[in-house]
Chemist: 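Take a look at this one; I'll ask things after.
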Amino acid sequence: MTDHSRLTFEGAADLLASGGATSADLVRALFNRIDAVDKTVCAYTWLDREQAVRDAEAADTLRASGGGGRYTGVPIAVKDVLNVKDQPCTCGSRILEGYTAPYDATVIRRLKDAGVVICGRVNMDEFAMGSSNENSAFGPVRNPWQPDHVPGGSSGGSAAAVAADEAIAALGSDTGGSIRQPASFCGCVGLKPSYGRVSRYGLTAYASSLDQIGPITKTVRDAAALLGLIAGHDSADSTSVQAETAGIGDDLGKGIKGMKLGLPREYFIDGMDPDVEARVRDAVEVCRGLGAEIVDVSLPRTKYAVGTYYIIATAEASANLARFDGVRYGARVEGDDPISMYGATRAAGFGSEVKRRIILGTYVLSSGYYDAYYLRAQKVRTLIREDFDHAFQSCDAILTPVAPTAAYRLGENTDDPLKMYLGDIFTVTANLAGICGLSVPCGFTSAHLPVGLQILGPAFRENTILRVGHTYEQATDWHTRRAMP
Amino acid sequence: MDVEYIAHLARIRLTDEEKERFAGQLGQILAYVEELGELDVEGVEPTAHAVPVHNVFREDVARPGLDRDTVLGNAPATRSDQFLVPRIIE
Amino acid sequence: MIASVGLEVHVQLRTNSKMFCGCENRFGHDPNVQVCPVCLGYPGALPVINGKAIELTVKTGLLLGCTINHRSKFDRKNYFYPDQAKNYQVSQYDQPLCSGGHVDIVLDGETKRIGITRIHLEEDVAKNIHFGDASGIDFNRGGTPLMEIVTEPDMSNADEAFAFLSALKQILQYGGVSDCNLEQGNIRCDINASVRPSGSDTLGVKTEIKNMNTFKGVHRALKYEIQRQIRDIEKGREIIQETRRWDDETGVTASMRTKEYAHDYRYFPEPDLLPVELTDAQIEAWKEGLPEMPADRRDRMVRDYGIPEYDAGVLAADRAVADFFEATARACGNGKAASNWVMTDMMRCLSERETDIASIRMAPEQLAALIGLVDKKVINMPAAREVFSILFEQGGDPETIVKDKGLVQVSDEGAIEGMVDQVIGEHAKSVEDYKAGKQAALQFLIGQVMRISKGKANPQVVRELFMRKLG
């Protein structure tokens, strides 16, 4: 009997359609796998096995009666930052202890409407702040390829679960690389949609003008399928855009012959891991071999992106996280008056990285500093967007590394936040510009750690990057390698 | 940066060790972001939103909200159907 | 010394739903039943602007002669307080919906123009309830639309502030912007007051008195605070820029000696909401939908119904009263009578019952029918007053009431003559007095006939008979 946990999202849909397995079979296979490997990986924060099996059986009944759709009964995992009715939503934080979501995020409602089964919640850096998944109140997630290494973050649990075959696919969120970087570190596919493509309603906000929900999957085709299910305008999110969602993934098979792919010189920097650079350059050559024209492009303001990102993201976060105050939900530490109650609750509820970012964000907005930091960062953000507008005039998509290095050892960067932040240099730009980005496995370092190729496309051109990614993926076999036996 | 003052604005009580550690780390980070000062941003419009959309309005229609038991069930402390907090001194 | 007073007036808008979510915007429900993830600041919830609130704020701007800004945006104002679900308030910082404008007030026959600085839109906070040992929060009001009108420091005393608030209230009610129900906290305001020596043109140090919720309170607080500042300056004490609290019972303002935390609101553009861009066509369309304002209506009612300007002014002061009057006048064709009924009997009954015209059962058509019965001399005025009381309490068809109560007026001389003769026979003293020239005695005699006829005799006929018989 084949191991259903190894299925892809599309593969699972095919199997269910053919009657080769039931949804309940798939869910049970995943739980078996979780039992076998999650002690090592630590990807899940919450499971309700009985409910998941009930949901799977309901999907099977629906399917048996001729109802449902293509993905009815396919199970996925969701990052613990998304609200699912009657489930906890910890965001990797102590401060949300005791909170039960009373509503479904729009993406969850859409998945449920499609019959997709939520099989569990996966770990993350607290409030999506981090690049290594070491900032979770539930402890770190480990990289399935080498468990003494980090899985990346903040959607580390999503990526590790998919890489370890503990999930068929997962949803993550990406504010500065939080889908693409862990996907790259774990050898998965990760898609950050264009800002406004997917409703943020029900996604616990980190930085509202940068956050997007997206899939982490085993193949590009799976990413396209999941995006198709969750994308689209939502009247509950004012920033979601009325863009055409029909036909997402339709261009996958068209090949890349004649496409122009840009190579930005600013994304190949001193100090990056030579193995990473070599694998990405190899991938570029594969694309050339597939008929793409490789053109040099320049994104001159790239070096300012990390600074810009950390000012804007932390400023927004300082307000977004103010609501965690122990009054309406979550944990509380008592005090004699509201001020001392807030101070004690937030001191005990937040971890170090969250505190650090809230303080930084509060500072850059505070009286006398707004213009020098926040306003200036918003202006530099405009320049970074203009860089992309300009670059996309001469190419269809841009190829870059996802991160300057592959996964590093647990604890290696925890004492040096700035060093950790600098690792986000290649991913934060897409969030600042609002464009879409895809991470696709492109080989391994000499230390046998996965490397990711980033494909960036103009806003709402997900089809373009999915097409490039799929064509590359089908020409290589990196995506077929499994992290754990 | 006056970490203690900023932490007070953000309503996070810090230990002395945290104050010291954060002051050092945040000092480094701020020194790093100073490089944004190199760019000439004269006349550049700030970007507050990544999408160029405006006028997104809702119809003025009332609809039922959450059930009160659910809402109060999430609260750390309640009394007389209200969220209970330490005495507010005005 | 000259005082300068500016007001920040917070007005709750008359919408069906809250500012950024679909929860009902209504006063008086049980605690925490009009709440949802958005207005409770739940993780992941997002705001969406209520278009009606934008419309009402722009209409207010148009009524106050403001410039409507073509581009406006929302910002987050950051501060922690238990009545704020998100610990930031969505408000408008540097790009409000309306700028400039004015309200004209009339005091002692003189008109004075009070400048409006700006009008912006924000969300209201929740309600705190004090339990003694702790506080409770009810989020029903949290997130309801709140319009803030900021004036220039153009008022120079408590009377002007009172007149301003009254004039503003009238305009807002007229515009259908707000019910302006003070008991429900529909209008609340903060006062800024300073004094300076006559002849000086730099404003003195100002104090702020927050959270006033009655106009009378504003008047009393200002009277006190201006006097206090003058007294302090005359005694050589410095005025400190501070927030003071008005104590309605003791009638004094006192410094709020709470621990002084620096206010640093860290405003920044609300990333969850997109800018508001208004076209001239949209603004024009809203302008055309504005109702007639009180002064215009007064002048028109003088023309249309031939009533005195004073009466028209009183009727026009309240939109609902004016609407009732006009409906009555149109239905009966007797503007003067309609005006008299509404201004006297109606106003008296309303104030006795402490109710408003919207809450009564009587319809304008019913009052019009009553006026018709008087005009056709079917009933006399005393009977009409009796019918009016019944209509006021329970409504109904005046003609039926008249029939049921047997109030039809008797004008037949033959029927009345017997009663007149009877009264002349029984009240010889009064007859003598009248003959000696005492007019009051005639009133007494007529009254006796009315009593015997149970109010049904036509007083005009009675009077004529007496004059004929005793003349």
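Chain naming here is simple, since letters A, B, ... match the order of the sequence lines and numbering starts at 1 in each.
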Chemist: In the structure I gave you, are the side-chain heavy atoms of B/Arg11 and A/Thr345 within less than 4.5 Å of one another anywhere?
Modeler: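 The answer is no; the side chains never approach within 4.5 Å.
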Chemist: Minimum heavy-atom separation for A/Ser209 and B/Ala48, please, with both atom names.
Modeler: CB-O, 3.7 Å
Chemist: In terms of heavy-atom pairs under 4.5 Å, which option from A/Gly434, A/Gly98, A/Gly326 contacts chain B the most?
Modeler: A/Gly326
Chemist: Pick one of side chain, backbone, both or neither for A/Ala322, based on which atoms fall under 4.5 Å of a heavy atom in chain B.
Modeler: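 For A/Ala322, no heavy atom lies under 4.5 Å from chain B.
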Chemist: Which bit of A/Leu422 comes within less than 4.5 Å of chain B, counting heavy atoms only: side chain, backbone, both or neither?
Modeler: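 The answer is the side chain of A/Leu422.
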Chemist: Quick one: do A/Arg356 and B/Arg21 satisfy side chain to side chain contact (heavy atoms under 4.5 Å, CB included)? Show the steps, please.
Modeler: CA-CA 10 Å; A/Arg356 200 157 34 231; B/Arg21 180 157 46 94; 3.8 Å; yes
Chemist: Of the non-hydrogen atoms in A/Arg376 and B/Gly37, which two are nearest, and what is the gap between them?
Modeler: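 So the minimum-distance heavy-atom pair works out to NH1-CA, 3.6 Å.
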Chemist: Side chain from CB out, backbone as N, CA, C, O: work out which of these in A/Tyr421 comes under 4.5 Å of a heavy atom of chain B, or both, or neither.
Modeler: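 Only the side chain of A/Tyr421 comes within 4.5 Å of chain B.
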Chemist: Give, for atom OG of A/Ser352 and atom CZ of B/Phe22, the distance between the pair rounded to the nearest 0.5 Å.
Modeler: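 Going from OG on A/Ser352 over to CZ on B/Phe22, the span is 4.5 Å.
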Chemist: Top residue by heavy-atom pair count (under 4.5 Å) with chain B, among A/Ile312, A/Leu321, A/Asp336, A/Leu360?
Modeler: A/Leu360
Chemist: Measuring from A/Ser238:OG to B/Asn55:CG, what's the distance to the nearest 0.5 Å?
Modeler: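 Here the interatomic distance stands at 11.0 Å.
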Chemist: Measure the OG-CG distance between A/Ser366 and B/Leu9 for me, rounded to the nearest 0.5 Å.
Modeler: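 Between A/Ser366 OG and B/Leu9 CG, I get 7.0 Å after rounding to 0.5 Å.
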Chemist: Is chain B contacted by the side chain of A/Thr308, its backbone, both, or neither, given a heavy-atom distance below 4.5 Å?
Modeler: both
Chemist: Are A/Lys379 and B/Glu42 side-chain neighbours, meaning at least one heavy-atom pair lies under 4.5 Å?
Modeler: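 No - every pair of side-chain heavy atoms lies 4.5 Å or more apart.
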Chemist: Under a 4.5 Å cut-off applied to non-hydrogen side-chain atoms, are B/Leu36 and A/Tyr373 in contact?
Modeler: no
Chemist: Which bit of A/Val327 comes within less than 4.5 Å of chain B, counting heavy atoms only: side chain, backbone, both or neither?
Modeler: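 Both parts, heavy atoms under 4.5 Å.
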Chemist: Would you say A/Tyr363 and B/Leu26 make side-chain contact, with heavy atoms under 4.5 Å?
Modeler: no
Chemist: Set out, in order, the CA-CA distance, both residues' side-chain angles and the distance that settles side chain to side chain contact (heavy atoms under 4.5 Å, CB included) for A/Thr239 and B/Val53, then state yes or no.
Modeler: CA-CA 8 Å; A/Thr239 64; B/Val53 182; over 6 Å; no
Chemist: Is B/Gln25 close to A/Pro417 at the side-chain level, that is, under 4.5 Å between some pair of heavy atoms?
Modeler: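 Answer yes - side chains close enough.
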Chemist: Do the side chain of A/Thr382 and the main chain of B/Glu45 share a donor and acceptor less than 3.5 angstrom apart?
Modeler: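 The answer is yes, because a donor-acceptor pair under 3.5 Å joins these two groups.
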Chemist: What part of A/Ala377 lies closer than 4.5 angstrom to a heavy atom of chain B: side chain, backbone, both or neither?
Modeler: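 For A/Ala377, heavy atoms of backbone and side chain both lie under 4.5 Å from chain B.
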Chemist: If you count heavy-atom pairs within less than 4.5 Å of chain A, which of B/Arg58, B/Met1, B/Glu34 leads?
Modeler: B/Met1
Chemist: Regarding A/Lys303 and B/Glu38, does a basic nitrogen lie under 4.0 Å from an acidic carboxylate oxygen?
Modeler: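 Here A/Lys303 pairs with B/Glu38 in a salt bridge, since their nearest N and O are under 4.0 Å apart.
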Chemist: Should A/Asp337 and B/Val85 count as side-chain neighbours, where that means a heavy-atom distance under 4.5 Å?
Modeler: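 No - every pair of side-chain heavy atoms lies 4.5 Å or more apart.
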Chemist: Less than 4.5 Å apart, side chain to side chain, heavy atoms only: is that true for A/Arg385 and B/Thr47?
Modeler: yes
Chemist: Which atoms of A/Asp325 are under 4.5 Å from chain B, going by heavy atoms: the side chain, the backbone, both sets, or neither?
Modeler: neither
Chemist: Are the side chains of A/Thr100 and B/Asn74 in contact, using a 4.5 Å heavy-atom criterion?
Modeler: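 Side chain of B/Asn74 against side chain of A/Thr100, heavy atoms only: contact under 4.5 Å found.
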Chemist: Taking side chain as everything from C-beta outward and backbone as N, CA, C, O, which of these in A/Ser340 sits under 4.5 Å from a heavy atom of chain B? Side chain, backbone, both or neither.
Modeler: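 Both parts, heavy atoms under 4.5 Å.
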Chemist: Measure the CD1-CD1 distance between B/Ile29 and A/Ile311 for me, rounded to the nearest 0.5 Å.
Modeler: 11.0 Å
Chemist: Do you know the tightest heavy-atom contact between B/Ile12 and A/Phe350?
Modeler: CD1-CD1, 4.4 Å
Chemist: For the backbone of B/Arg13 and the side chain of A/Arg346, can you confirm whether one donor and one acceptor N or O come within less than 3.5 Å of each other?
Modeler: no
Chemist: What residue in B/Val44, B/Val56, B/Val33 has the most heavy-atom pairs under 4.5 Å with chain A?
Modeler: B/Val44
